[in-house]
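The structure appears below as structure tokens.
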Amino acid sequence: MNEIFASYKRTIIVSAVLLLILVLELLNWRTAVYGGLFPLFEWLQRSTWLGYVATNYGSIYALVQAIHLLSMALLGGTILLMDLRLLNLSLKTMPVDVVVENAYRWFRFGLMGAVVSGIFLAAGVAEKVYYLPVFWAKMLALLGGSLFVIFFKIPLLRKAGTNSVWLIRVVAITSLMVWFTVAATGRWIGFVG
Amino acid sequence: MTDEKQKKDLLIATLIVTVVILLGGLDYWIGQVQTTLELLELAYGENFGLFNNPMNF
């Protein structure tokens with residue numbers, strides 16, 4: 001038993017987490033938590049200096065929005081570089097590991113910039129975004145996409161190399177879809193509410 | 001051997017997560033297209049076609 005756990009630790013943990021998510025969904029846990037989150041959003045917009053500055057200083061909000069868009073561009077750019085190379089559609093003459101390692105370094109900066117600036121932007125309209133399903137879709141895609149890249153995509157490329165070609169291509173397509181969802185839902189937030 | 005097992009473990013875990021995320025994403029976007037088409041049908045009736053301009057009655 002111990003040997004099986006030691007050999008398939010990652011698979012067992014992933015299966016357990018997915019099963020837990022399924023059980024919590026069946027128990028309507030998400031709906032129960034959702035209602036309790038509003039005071040946090042209200043507090044973020046009305047009682048923090050972040051919310052105060054974001055609501056009252058349009059120029060600062062615009063500046064941070066520009067930083068957010070540039071961070072997203074950096075993030076999206078590195079994702080495209082990595083995934084198109086993995087699909088063998090671009091930079092074909094460069095080794096996969098060189099492209100991935102260099103792009104991943106910048107991916108982390110892009111992610112950090114997007115998250116930090118995103119918190120400020122959300123603080124300015126926290127009470128509005130709380131009611132937008134598309135905001136939650138973006139947060140889920142962002143969390144899922146980040147965890148997917150950090151804990152699965154990069155370790156897979158570092159450990160398995162390019163031996164599992166079919167899996168690497170499916171991973172690249174999935175990654176492109178997740179980050180497309182992050183970008184599309186992000187823009188969507190700006191057009192609703 | 002241990003390294004080989006770790007690699008296999010990583011491959012299986014990545015495959016599971018990839019399939020779940022891919023199906024979740026497809027479900028989300030197919031759902032969005034379906035909802036949009038239903039709303040357009042509600043707004044413009046049965047004459048609505050995907051490649052028609054709904055403003056031309």
Side-chain angles (χ1 to χ4, degrees), chain A residues 3-19 21-22 25 133-134 136-138 140-161 163-182 184-185 188, chain B:
Chain A
E3 201 189 328
I4 293 174
F5 185 77
S7 303
Y8 296 99
K9 199 170 150 191
R10 202 182 284 251
T11 306
I12 291 168
I13 292 171
V14 162
S15 306
V17 169
L18 290 173
L19 197 68
I21 293 170
L22 186 70
E25 270 301 294
V134 74
W136 296 102
K138 184 190 172 177
L140 185 64
L142 181 68
L143 182 70
S146 307
L147 295 177
F148 181 63
V149 171
I150 295 165
F151 292 110
F152 296 98
K153 188 171 132 183
I154 298 299
L156 178 79
L157 295 168
R158 280 179 183 160
K159 271 195 177 172
N163 293 331
S164 327
V165 180
W166 58 273
L167 180 60
I168 286 173
R169 291 200 173 151
V170 178
V171 164
I173 291 168
T174 306
S175 164
L176 281 172
M177 194 199 63
V178 171
W179 292 103
F180 167 80
T181 306
V182 174
T185 48
W188 198 342
Chain B
M1 190 65 186
T2 315
D3 198 44
E4 208 45 47
K5 273 185 179 173
Q6 275 183 356
K7 215 166 93 174
K8 199 174 163 190
D9 178 33
L10 181 62
L11 285 177
I12 298 170
T14 307
L15 183 65
I16 294 171
V17 172
T18 304
V19 169
V20 169
I21 293 178
L22 195 62
L23 291 180
L26 284 173
D27 179 60
Y28 178 74
W29 285 112
I30 290 170
Q32 290 301 328
V33 171
Q34 214 171 2
T35 312
T36 308
L37 289 176
E38 278 169 13
L39 282 172
L40 284 168
E41 253 177 34
L42 267 177
Y44 301 108
E46 285 178 8
N47 290 330
F48 167 74
L50 191 59
F51 297 105
N52 290 342
N53 179 352
M55 297 310 286
N56 289 337
F57 293 103

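Values below: all heavy atoms of this structure, side chains included; hydrogens, waters and symmetry mates excluded. Fair warning: this is a prediction, and the values are worked out from it, not measured in the lab. Quick note on labels: first sequence line is chain A, next is B, and so on, each numbered from 1.
- Atom CG of B/Leu22 and atom CE of A/Met177 lie 5.0 Å apart (nearest 0.5 Å).
- Considering only heavy atoms from C-beta on, B/Tyr28 stays 4.5 Å or farther from A/Leu140 through its side chain.
- Between A/Lys159 and B/Lys7, the shortest heavy-atom distance links the atoms O-CD, 3.7 Å.
- Looking at A/Leu18, only its side chain comes within 4.5 Å of chain B, counting heavy atoms on both sides.
- With rounding to the nearest 0.5 Å, the separation of CZ in A/Phe148 from OG1 in B/Thr14 is 7.0 Å.
- Across every non-hydrogen atom of B/Leu10 and A/Pro155, the tightest pair is CD2-O, 3.5 Å.
- Between A/Val14 and B/Ala13, the shortest heavy-atom contact is CG2-CB, 4.1 Å.
- Heavy atoms of A/Val178 lying under 4.5 Å from chain B belong exclusively to its side chain.
- Contact between A/Gly144 and B/Ile21 at its shortest, heavy atoms only, is O-CD1, 4.4 Å.
- Heavy atoms of A/Ser175 lying under 4.5 Å from chain B are absent altogether.
- The CG atom of B/Asp9 sits 3.5 Å away from atom OG1 of A/Thr11, with the distance rounded to the nearest 0.5 Å.
- Only the side chain of A/Ala137 has a heavy atom closer than 4.5 Å to any heavy atom of chain B.
- Proximity of A/Thr181 to B/Trp29: side-chain heavy atoms (C-beta onward) are separated by under 4.5 Å at one or more points.
- Separating the CZ atom in A/Arg10 from the CD1 atom in B/Ile12 is a distance of 12.0 Å, to the nearest 0.5 Å.
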